[in-house]
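A short worksheet on the structure shown next.
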Amino acid sequence: MWGLSWSPSRMSTFNRCNRKYFLNYYWDKLDWVEINWEKVDKWTVLFLKKLSTIPWWTWDVIHSILASYFLELKKDKTFTIEKYEEKWLDKLIEAKIRVPYFLSAQRDYSKWYIASEDKYKDMIWLVEHYYKEIPEDQHDKYVEIIIDNIRNSLFNFGKSQIYQEILKNYDKYEIYTEPPKKDFNAMKFRSENVADWNVDLYVQPDFYLKVKWEDKYIVVDWKTGDISSFDWGLPEQLLAQWYRIYTDNGWDENLKIEWFYGNLDNNWALSVWDKIWIESFKSYEMEINKQIEKLSENLVDNDIVNNNPVSIDKFPETEDCKKCETCAFRCICKKKTHE
């Protein structure tokens, strides 16, 4: 068993629902177990863990397209997002949206229990299809909505302040972008100030700029979806990303970091550019340690190295059933609460 690890998404899952956290991160600890008076095996849980929702999947596609675009821009600084769309977008939409969507929609979910043998095991599997939430005659409509969202996000990206700055002053910056496909080894690092080096931290900035001839970085994070709950503070994902940059630079207190947060659903609705101060960095480091301590309370002997969870019964389901509406694991939740 690998030791305990930490990431913003892991903490978000834990805070959202302890039961979902257990099923997502400790599914392999199950063989056949009784959950809420029903027999569930670990391969059922693994399958449900693989499901994604349409909003998350759409964002992953947008993220992959932007990462691919910046790799091309680094090769040719005259290669605009408009040129990229003209050359690649229709092909990408077919390969990344239409084909995977309909494979998921037409998949025989009655055979989900042989997930390891499924010829589509590397393709996207959608929660909405597994739970039959989309009528058969509505699939074409849903695909077009997804495509429109992607096109709109790319349009707003092209109009964004940070993108226009890059085009105008390209030679001023070194561009860093994560690969189109997640590289978990590249995301992993450790900090001497977190859990005495004993916990793997998983953070990788989506995209950032290093200002040449200065110890200065601009960390960029894009947002899609409802912005009504945005509190205009430092977003958790950005905090984690610049913590990684500070750590990689040896905790240099002279390092300057600015952050940009933009809404790709509507570029004019949310656009923030601000500075990060060393006090915020130190405060967040303390918060990471508190979060790891909180996670360790659900481990046998609080042992973060062995990382053995206590009984699944000690990981209760959320009381907020609204959170369950899109959860892949809801079919093995308490029926009296979550039906």
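When a residue number appears, it is its place in the shown sequence, counting from 1.
A donor-acceptor pair under 3.5 Å links the side-chain atoms of N289 to the main chain of E285, judged by distance alone. Formation of a donor-acceptor pair under 3.5 Å by the K74 side chain with backbone atoms of I175 is found in this model. Counting only distance, with no hydrogens or angles, the side chain of S160 and the backbone of F157 share a donor-acceptor pair below 3.5 Å. A donor-acceptor contact shorter than 3.5 Å links the side chain of K83 to the backbone of T78. For the pair S104 (side chain) and P100 (backbone), a donor-acceptor distance under 3.5 Å is absent. No donor-acceptor pair under 3.5 Å is formed between the side chain of N152 and the backbone N or O of D148. Listed for the D196 side chain is no donor-acceptor partner under 3.5 Å among the backbone atoms of N198. Looking at K210, its side chain never comes within 3.5 Å of a backbone N or O of Y217 through a donor-acceptor pair. The closest donor-acceptor contact from the side chain of S68 to the backbone of S64 lies under 3.5 Å. Between the D221 side chain and the L238 main chain, no donor and acceptor come within less than 3.5 Å of each other.
Atom NZ of K314 has 12 or fewer heavy atoms from other residues, nucleotides or ligands within 6.0 Å. For NZ of K212, the number of neighbouring non-hydrogen atoms (other residues, nucleotides, ligands) closer than 6.0 Å is greater than 12. Annotation for W251: atom CH2 counts as buried by contact number, over 12 foreign heavy atoms lying within 6.0 Å. Residue E86 places its CD atom among 12 or fewer non-hydrogen atoms of other residues, nucleotides or ligands, all under 6.0 Å distant.
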Go through the steps to decide whether L295 and M11 satisfy the test side chain to side chain contact (heavy atoms under 4.5 Å, CB included), and finish with yes or no. CA-CA 8 Å; L295 294 179; M11 281 309 306; 3.6 Å; yes
How far apart are the C-alpha atoms of W259 and L239, what are their side-chain angles, what is the distance that settles it, and do they pass the side chain to side chain contact (heavy atoms under 4.5 Å, CB included) test? CA-CA 10 Å; W259 58 280; L239 286 164; over 6 Å; no
Any chance you could lay out the side chain to side chain contact (heavy atoms under 4.5 Å, CB included) test for N308 and Y26, step after step, and finish with the verdict? CA-CA 9 Å; N308 287 313; Y26 296 107; over 6 Å; no
What's the verdict on side chain to side chain contact (heavy atoms under 4.5 Å, CB included) for L48 and C331, showing C-alpha distance, side-chain angles and the deciding distance? CA-CA 9 Å; L48 295 172; C331 63; 3.7 Å; yes
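The shortest distance between side-chain heavy atoms of I65 and L89 falls below 4.5 Å. Contact check for N306 versus D301: no side-chain heavy atoms found under the 4.5 Å cut-off. The shortest side-chain heavy-atom distance between D215 and D252 falls under the 4.5 Å cut-off. Between Y69 and Y163, the closest side-chain pair of non-hydrogen atoms falls below 4.5 Å. Counting heavy atoms from C-beta on, the side chains of L23 and I312 come closer than 4.5 Å. For the pair K216 and I257, the minimum side-chain heavy-atom distance is 4.5 Å or more. Between R244 and L201 there is no side-chain heavy-atom pair separated by less than 4.5 Å. Two residues are said to be in side-chain contact when any heavy atoms from C-beta on lie closer than 4.5 Å; I332 and V45 meet this criterion.
Remark: R330 qualifies as a cation-pi partner of Y131 under the 6.0 Å distance and 45° angle criteria applied to the six-membered ring. Cation-pi check for R19 over F22 is not met; the charged atom does not lie both under 6.0 angstrom from the ring centroid and within 45 degrees of its normal. The side-chain tip of R10 does not point at the ring of Y202 from less than 6.0 angstrom away and within 45° of straight on.
Remark: Y101 pairs with H129, H139 by the ring-ring contact (aromatic ring centres under 6.0 Å, His included) rule, at least two apart or across chains.
Salt-bridge annotation for D200 and R190: present, with a side-chain N of the basic residue lying under 4.0 Å from a carboxylate O of the acidic one. Comment: R151 engages D90 in a salt bridge, judged by a side-chain N to carboxylate O separation of less than 4.0 angstrom. For the pair R98 and E144, the salt-bridge criterion is met [side-chain N within less than 4.0 Å of a carboxylate O]. The pair K75-E72 meets the salt-bridge criterion, since a charged nitrogen lies less than 4.0 angstrom from a carboxylate oxygen.
Residues in residues 290-300 take part in no salt bridge (Lys or Arg N to Asp or Glu O under 4.0 Å) pair, two or more places apart or across chains.
Atom CD in E133 sits 10.5 Å away from atom CG in L126 (nearest 0.5 Å). Atom CD1 of I145 is separated from atom CD of Q138 by 8.5 Å, given to the nearest 0.5 angstrom. Within the model, atoms CG of D303 and CG of L4 stand 10.0 Å from one another, a figure rounded to the nearest 0.5 Å. Separation of atoms OG1 (T80) and CG (D76) is listed at 9.5 Å; rounding is to 0.5 Å. Rounded to the nearest 0.5 angstrom, T318 OG1 and K323 NZ are separated by 4.0 Å.
In terms of heavy atoms, D206 sits closest to E178 at OD1-OE2, 3.1 Å. What you find for P8 and V203 is that their closest heavy atoms are CD-CG2, 4.0 Å.
Classification of the Y21-F315 ring pair by plane angle, with boundaries at 30° and 60°, yields parallel. A perpendicular orientation is assigned to the rings of W242 and Y246, their planes being inclined by more than 60° (bins at 30° and 60°).
In summary, the side chains of Y25 and S5 do not present any donor paired with an acceptor at a separation below 3.5 Å, with no hydrogens or angles considered. In this structure, a donor-acceptor pair under 3.5 Å is absent between the side chains of N193 and K282. Side chains of E165 and Y173: a donor on one and an acceptor on the other come within 3.5 Å.
A continuous path of Ile, Leu, Val, Met, Phe, Trp and Tyr side chains, each step under 4.5 Å between heavy atoms, connects F79 with Y170, placing both in one hydrophobic cluster. Note: the hydrophobic cluster containing V211 also contains V220 (ILVMFWY, side chain heavy atoms under 4.5 Å, direct or indirect links). When hydrophobic clusters are built by joining Ile, Leu, Val, Met, Phe, Trp and Tyr residues whose side-chain heavy atoms come closer than 4.5 Å, directly or via intermediates, L167 is grouped together with I218. Residues V300 and W27 share a hydrophobic cluster, clusters being chains of Ile/Leu/Val/Met/Phe/Trp/Tyr side chains in contact below 4.5 Å. The cluster map of Ile, Leu, Val, Met, Phe, Trp and Tyr, joined by side-chain heavy atoms under 4.5 Å apart, puts V310 and I304 in the same cluster.
Two rings, from W125 and F47, have their centers less than 6.0 Å apart.
Partner Y176 forms a ring-ring contact (aromatic ring centres under 6.0 Å, His included) with one of F207, Y208, F70 and no other, that one being Y208.
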Report, one line per pair, each donor and acceptor closer than 3.5 Å where one atom sits in a side chain of residues 51-60; sequence neighbours left out.
| unit_1 | atom_1 | unit_2 | atom_2 | d |
| --- | --- | --- | --- | --- |
| T53 | OG1 | W56 | N | 3.4 |
| T58 | OG1 | I54 | O | 2.7 |

